[in-house]
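Some notes on the structure that comes next.
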Amino acid sequence: MLDLNFVRDNLPLVEEKLRQRGMNPSEVLKDFQAIDSERRHAITQMETLKARRNQASDEIARLKKNKEDASAHIQATKDLREQIQELEKKSADADARLREILTSLPNLPHDGVPVGKSEADNVEVRRWGSEPAFDFKPKPHWELGEHLGVLDLERAAKLTGARFAVYWALGARLERALANFMLDLHTREHGYTEVLPPFMVNSDSMYGTGQLPKFAQDLFRVPHGEKDLWLIPTAEVPVTNLYRDEVLDAAKLPVCLTAYTPCFRSEAGSYGKDVRGIIRQHQFQKVELVKFSRPEASYDELEKLTHNAETVLQRLGLHYRVMTLCTADIGFSSAKTYDIEVWLPGQNVFREISSCSNFEAFQARRANIRYRPEGKSKTEFVHTLNGSGLAVGRTWVAVVENYQQADGSVLIPDALQPYMGTDRITPRSL
RNA sequence: GGAGAGGUGCGUGAGCGGUUGAAACGAUCCGCCUCGAAAGCGGACAUACCUUAACGGGUAUCGUGGGUUCAAAUCCCACCCUCUCCGCCA
């Protein structure tokens, strides 16, 4: 969420940044100024009357103490009551409408973010490794997975439906090996603390990181008594919300956390997309990196976090490129995002395998996550960042496709062999 | 699921329906004292919003939301959370 005062004082800038995102400012900011002044007007009036009422109440107390007659004052306050209630309703109403506007506004892109109209305008920052050479036509992972007997989409469809997967044998172990490898790397070498959060959260948490109120259709909702719970679409949600409504110790910043969790996404509106294989699933597992940073350090931390994610691919010997997302392609809550795209020879494309973002104070303001700068009495919002480190399912795909052999077996990269207990996946029957 | 206890500021912990935004103690910060420190003494110490050029003034907030009342931390109702005991259970 953007700061109300900031929006009010920098309306032209906000409009320009919204335009860069491909939005129509006059539409989303419609009536902003009118509602804002209406709200302040109502508050001022209401508080004036309340002050008068409080004054009268004090007077009543004083009179009663002295056993004097206070009935005139009591009647006066009774009369005030109705007016106050009316104004209260008016200001609450304006407040709600203003809040609706404010919560619907996306974060403003950082100044360094390339202005663009679509994902075609994303800018490549760097590239690592090179495409592996094959003296045969590399297969897509769904063919390899079936051939090896490690990936079973048919039975998953029977159990649950489309966009779910069952992994068997070394396929299942590969998933587990990748997760353990990633967590060990980030905790032992990159200084992250591992957390294991709940996989369902309440609405407040979804609101804190920006999934609600706008993106409910992307989530799985679980009715629970009067209230709803939600399956997490990413560990970002529970991990960032760990510190909701808290004041962090400045000396401990940046706080760096990592979590391995399943992620659940309804994928509404992507029906025709990526229907083959396990690129786009309703459930997938991901190792997430989350940071809470001082504002002045957050862009350095974004670079570090992105490199931490890249290190996973480097250790696995997987070719990738890093893209800076343009203003039209960055997520709702993000001020700047790097996507890491891994090379998939079976499909002859780069596919997103990690998305690393700096949300600045956007989430912190919604979730009320603050810290107290040294020597200052006032708290400030931290900056929150996160990135996949990495999406395990897509890493599984990358390993299988990049390390496939002519006979259909898959070699295991050196870094994973201790976790796999083997150097190769060979066919078995499902 | 059943029975009970409780939720107050950074912490502990008071709080007859009306000078309580909230005692006291502790923590922290600033002074004094000291060669320096400790102790002691004095002082400061919540947040948000409205208003003001500023000083300041005002309003709200004692788990959350309603209600009673001229007036609610204090009374009533609902809900949430924590703890203890019983039952059930991976």
Side-chain angles (χ1 to χ4, degrees), chain A residues 1-9 32-103 196-208 212 222-230 238 241-253 262 361-362 364-382:
Chain A
M1 185 164 67
L2 300 176
D3 180 51
L4 172 62
N5 294 315
F6 180 88
V7 176
R8 183 187 300 137
D9 298 339
F32 171 83
Q33 280 176 308
I35 297 168
D36 179 50
S37 74
E38 189 181 312
R39 168 179 170 270
R40 289 194 283 170
H41 220 83
I43 289 176
T44 308
Q45 282 183 294
M46 173 184 73
E47 291 189 348
T48 307
L49 294 186
K50 279 186 174 178
R52 204 183 295 165
R53 181 194 63 189
N54 290 347
Q55 233 175 343
S57 279
D58 286 348
E59 189 63 13
I60 293 165
R62 200 184 58 76
L63 291 172
K64 287 210 164 183
K65 210 170 184 182
N66 297 335
K67 311 269 190 229
E68 293 176 47
D69 175 43
S71 52
H73 285 95
I74 289 176
Q75 188 52 49
T77 7
K78 265 185 177 162
D79 295 343
L80 279 174
R81 198 179 189 189
E82 217 166 289
Q83 296 180 61
I84 289 174
Q85 278 176 345
E86 209 168 290
L87 285 164
E88 219 157 35
K89 195 178 171 305
K90 205 166 152 192
S91 82
D93 193 62
D95 200 69
R97 283 195 290 160
L98 204 59
R99 199 171 176 77
E100 208 176 296
I101 293 175
L102 227 42
T103 53
L196 201 165
F199 305 152
M200 289 193 259
V201 297
N202 57 32
S203 298
D204 287 344
S205 295
M206 284 296 183
Y207 180 86
L212 291 180
V222 182
H224 179 67
E226 296 292 299
K227 294 196 173 157
D228 292 332
L229 293 179
W230 308 82
N241 277 283
L242 282 173
Y243 294 121
R244 174 150 49 87
D245 294 320
E246 293 192 28
V247 179
L248 298 176
D249 184 353
K252 296 212 171 98
L253 296 177
F362 190 84
R365 189 173 294 113
R366 285 177 162 236
N368 192 28
I369 307 170
R370 295 165 298 164
Y371 79 110
R372 197 179 305 278
E374 286 88 347
K376 294 195 177 168
S377 64
K378 271 189 91 73
T379 55
E380 284 180 24
F381 293 117
V382 297

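Computed from a predicted structure; not experimentally measured. In what follows, chains carry the letters A, B, and so on, assigned in the order in which the sequence lines appear, proteins first and then strands, with residues in each chain numbered from 1.
- From A:Lys90, atom NZ reaches atom CG of A:Asp95 across 14.0 Å, with rounding to the nearest 0.5 Å.
- Closest to the side chain of A:Arg39, from the set B:C49, B:C70, B:U59, is B:C49.
- Picking from B:G18, B:C49, B:U51 the nucleotide with the shortest atom distance to the side chain of A:Ala61 gives B:G18.
- Under a 4.0 Å N-O distance rule, the pair A:Lys89/A:Asp93 does not qualify as a salt bridge.
- Out of B:U51, B:G58, B:C70, the shortest distance to the side chain of A:Arg40 is found at B:U51.
- Distance from the side chain of A:Arg8 is smallest for B:C50 among the nucleotides B:U59, B:C70, B:C50.
- The residue A:Ala56 sits apart from the nucleic acid: no heavy atom pair falls under 4.0 Å.
- Relative to the side chain of A:Asn54, the nucleotides B:C49, B:A60, B:C70 differ in distance, and B:A60 lies closest.
- B:C79 is paired with B:G63 under the Watson-Crick or G-U wobble criterion, all donor-acceptor distances under 3.5 Å.
- Checking B:C25 for Watson-Crick or G-U wobble geometry (two distances, each under 3.5 Å) identifies B:G11 as its partner.
- Nucleotides B:G13 and B:G26, compared at atom P, are 16 Å apart to the nearest Å.
- A salt bridge is absent between A:Glu47 and A:Arg52; no separation between the charged side-chain nitrogens and carboxylate oxygens falls under 4.0 Å.
- Of the nucleotides present, B:A3 is the one that pairs with B:U84 by Watson-Crick or G-U wobble criteria, both distances under 3.5 Å.
- RNA chain B is contacted by both A:Ala51 and A:Asp58; A:Asp58 maps to the nucleotide lying nearer its 5′ end (nearest heavy atom per residue).
- Of the candidate nucleotides B:C49, B:G58, B:A71, B:A71 has the atom lying nearest to any side-chain atom of A:Ser57.
- Rounding to whole angstrom units, CD of residue A:Gln85 and P of B:C70 are separated by 12 Å.
- Among the protein residues, A:Arg52 comes within range of no part of the nucleic acid, since none of its heavy atoms lies under 4.0 Å from any strand.
- One interatomic measurement links the two molecules: CD of A:Glu88 to C1' of B:G66, which rounds to 13 Å at whole-angstrom precision.
- Electrostatic pairing of A:Glu38 and A:Arg97 counts as a salt bridge here, judged by a charged N lying under 4.0 Å from a carboxylate O.
- A:Leu102 has its CG atom 12 Å from the P atom of B:C49, to the nearest Å.
- Spacing between B:G17 and B:U74 at atom C1', rounded to whole Å, works out to 6 Å.
- A:Arg81 comes within contact range of at least one nucleobase, with a heavy-atom separation under 4.0 Å.
- Nucleotide B:A71 is matched to nothing when pairs are restricted to Watson-Crick or G-U wobble geometry with both distances under 3.5 angstrom.
- Of the candidate nucleotides B:U59, B:C70, B:C50, B:C50 has the atom lying nearest to any side-chain atom of A:Ile43.
- Pair check for B:G17 finds none; no Watson-Crick or G-U wobble contact set falls under 3.5 Å.
- Applying the 6.0 Å contact sphere to CZ of A:Arg99 captures no more than 12 heavy atoms from other residues, nucleotides or ligands.
- One distance of note links CH2 of A:Trp230 with CG of A:Leu212; it measures 5.0 Å at 0.5 Å rounding.
- A:Ile60 comes within 4.0 angstrom of a base, heavy atoms only.
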- Task: Evaluate the criterion side chain to side chain contact (heavy atoms under 4.5 Å, CB included) for residue pair A:Lys50 and A:Glu88; output intermediate values, then yes/no.
- Result: CA-CA 10 Å; A:Lys50 279 186 174 178; A:Glu88 219 157 35; 3.1 Å; yes

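- Rounded to whole Å, the distance from CD on A:Gln45 to P on B:U51 is 12 Å.
- If you take CE of A:Met46 and P of B:U51, they are 12 Å apart, rounded to a whole angstrom.
- In this entry B:G40 has B:C32 as its Watson-Crick or G-U wobble partner, both defining distances falling under 3.5 Å.
- Nucleotides B:A71 and B:G56, compared at atom C1', are 27 Å apart to the nearest Å.
- When the P atom is compared between B:G65 and B:A73, the two are found 13 Å apart, to the nearest whole Å.
- At B:U59, none of the side-chain N or O atoms of A:Lys50 fall inside 4.0 Å of OP1 or OP2 (strictly under the cut-off).
- In this structure, the CZ atom of A:Arg53 is 11 Å from the C1' atom of B:A72, given to the nearest Å.
- Counting to the nearest Å, the P atom of B:U69 and the CD atom of A:Glu82 are 13 Å from each other.
- Between the P atom of B:G17 and the CD1 atom of A:Ile74 lies a distance of 18 Å, rounded to the nearest Å.
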